[in-house]
J.: 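Handing you this structure, nothing more for now.
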Amino acid sequence: MPFLTIGDNLFEVGAIHPDRILFDCLMPTPHGTTYNAYLIVGKDKTALIDTVDPEKTSVLMDNLAEAGVDHIDYIVSLHTEQDHSGSIETVLRKYPEAIVVANAKVKEMAITHLHLAEDKIKLIAEGDKLELGGKTLQFTMIPFAHWPDNYMAHLLEDNILFSSDLFGSHFSSPNKAFSTSSSDQVRAAKHYYAEIMMPYRTHVQKYVAKVRQMGPRMIAPSHGPIWSDPEVILSGYERWTGDAVKRLVTIPYISMHDSTRVMVDRLAVKLSEQGLSVVCRNLGEDTNSMAVETGHFITDLVDAAAVVFASSTVLGGPHPAVAYAALVANAMRPKTKFFGLIGSFGWGTQITNIVNTLTANLKVERLDPVLVKGLPRDEDLKHIDALAKDLADKILALPELTR
Ligand code: FEO
């Protein structure tokens, strides 16, 4: 789809990438993604907010040509990651008069990562304004949402907030940039929050409050549809960044010979009987499960009260797929409160030490692990029942608990 008009002399000129299946070589993107770039044509100056991933440079250039753009004064680079800055060089070649607008961190990183010439960069800081003629951009810094360099641009006259990666989603739709607020889209935004923003939850919480105060009528992120009703994404972010958790237990698991699966099934039933929601994520279902199910598991951690890792023992430690999920969870620093570990082993196991080490950053209460030699017997399953009871009691006693 070519460029899209989003307001008076305002256009989205970026690219959709519906067949992209993995982001950052890590994050499954079942809905693909978009690289949004916004063109603002003022009475005096023309500004382009961000560019696109290098793989889609030609789409951006075609869109600019189709929109009749023969002159660009400013390329406002809100973030240096290459999916937004990677086409700056090509844009500068076509529009050599353009100056790149950047905060201090974007400037530093653009010189480091893009080898951009220092004299092509105009420095801005918190609260600064860029006048385009009847259209004014005002800048707000949002460091660590999710790089140290991110900032937002508020188009004051139109009350549209260009929010960089904040409020983004890997969601490509045929109608390109306008929000449908579908459940799929909100789910994609939550998944995006989980893997991109959750490690910086306390920072992001403050930025959401700041955006509330700004009261934009439209939020235009750098990925996914524009939020034409900002309430949808703002209320989502307020829930996700808030301290409350859901009465939800997520169980990422691997069972090589079904002994661990018996324990997982028993735990899920017993937790459910006590009024908790449970999701079991089989990381070993097929060749894609490790990446796809770990992605779902990380999204669970946005508001799950507890995580219980369940693994067969392989060569003395956890199955590598469980170790991967544990490592990713550790990096994401979720607000999850409780931690459990269950599994079966053949003749010996070091799984507890290894999984605890892999998840050392999690601020959780660790419950006693339940590890069983071979196929669980009735007396072993009673330990699972006790774990379920203990976990349910602790979760249901939490002061900040939502459904
Ligand atoms: Fe979409 Fe952090 O780049």
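Note that ligands are numbered from 1 as they come in the structure, with each ligand's atoms numbered from 1 the same way.
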J.: Examine distances only and state if a side-chain atom of Q205 and a backbone atom of T241 form a donor-acceptor pair shorter than 3.5 Å.
T.: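 Flag set: sc Q205 to bb T241 pair under 3.5 Å.
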J.: With atom 2 (Fe) of ligand 1 as the reference point, give the N/O/S atom of E81 that is nearest.
T.: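 Relative to atom 2 (Fe) of ligand 1, the closest nitrogen, oxygen or sulfur of E81 carries the name OE1.
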J.: If you consider just the N/O/S atoms, which atom of D165 is the closest one to atom 2 (Fe) of ligand 1?
T.: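 When I compare the N, O and S atoms of D165, OD2 is nearest to atom 2 (Fe) of ligand 1.
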J.: When the ring planes of F162 and Y38 are compared, do they come out parallel, tilted or perpendicular, using 30° and 60° as the limits?
T.: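 Ring orientation, 0 to 90° scale: tilted.
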J.: Flag H223 as yes if one of its N/O/S atoms falls below 2.8 Å of atom 1 (Fe) of ligand 1, otherwise no.
T.: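 For H223, the answer is yes, given that an N, O or S atom comes within less than 2.8 Å of atom 1 (Fe) of ligand 1.
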J.: Determine whether more than 12 heavy atoms belonging to other residues, nucleotides or ligands lie under 6.0 Å from atom CD of E66.
T.: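 Atom CD in E66 is packed in, count exceeds 12.
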J.: Using only N, O or S atoms, tell me which atom of H79 is closest to atom 2 (Fe) of ligand 1.
T.: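 Going through the N, O and S atoms of H79 one by one, NE2 ends up nearest to atom 2 (Fe) of ligand 1.
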J.: Near K120 NZ, under 6.0 Å, is it more than 12 heavy atoms from other residues, nucleotides or ligands?
T.: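 Check passes, neighbour count above 12.
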J.: Cation-pi check, R20 to F23: give yes when NZ or CZ is under 6.0 Å from the six-membered ring centre and within 45° of the ring axis, no otherwise.
T.: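 Yes; both conditions hold, so R20 lies above the ring face of F23.
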J.: So which of the N, O or S atoms of D83 lies nearest atom 1 (Fe) of ligand 1?
T.: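 Looking only at N, O and S atoms of D83, the one nearest atom 1 (Fe) of ligand 1 is named OD2.
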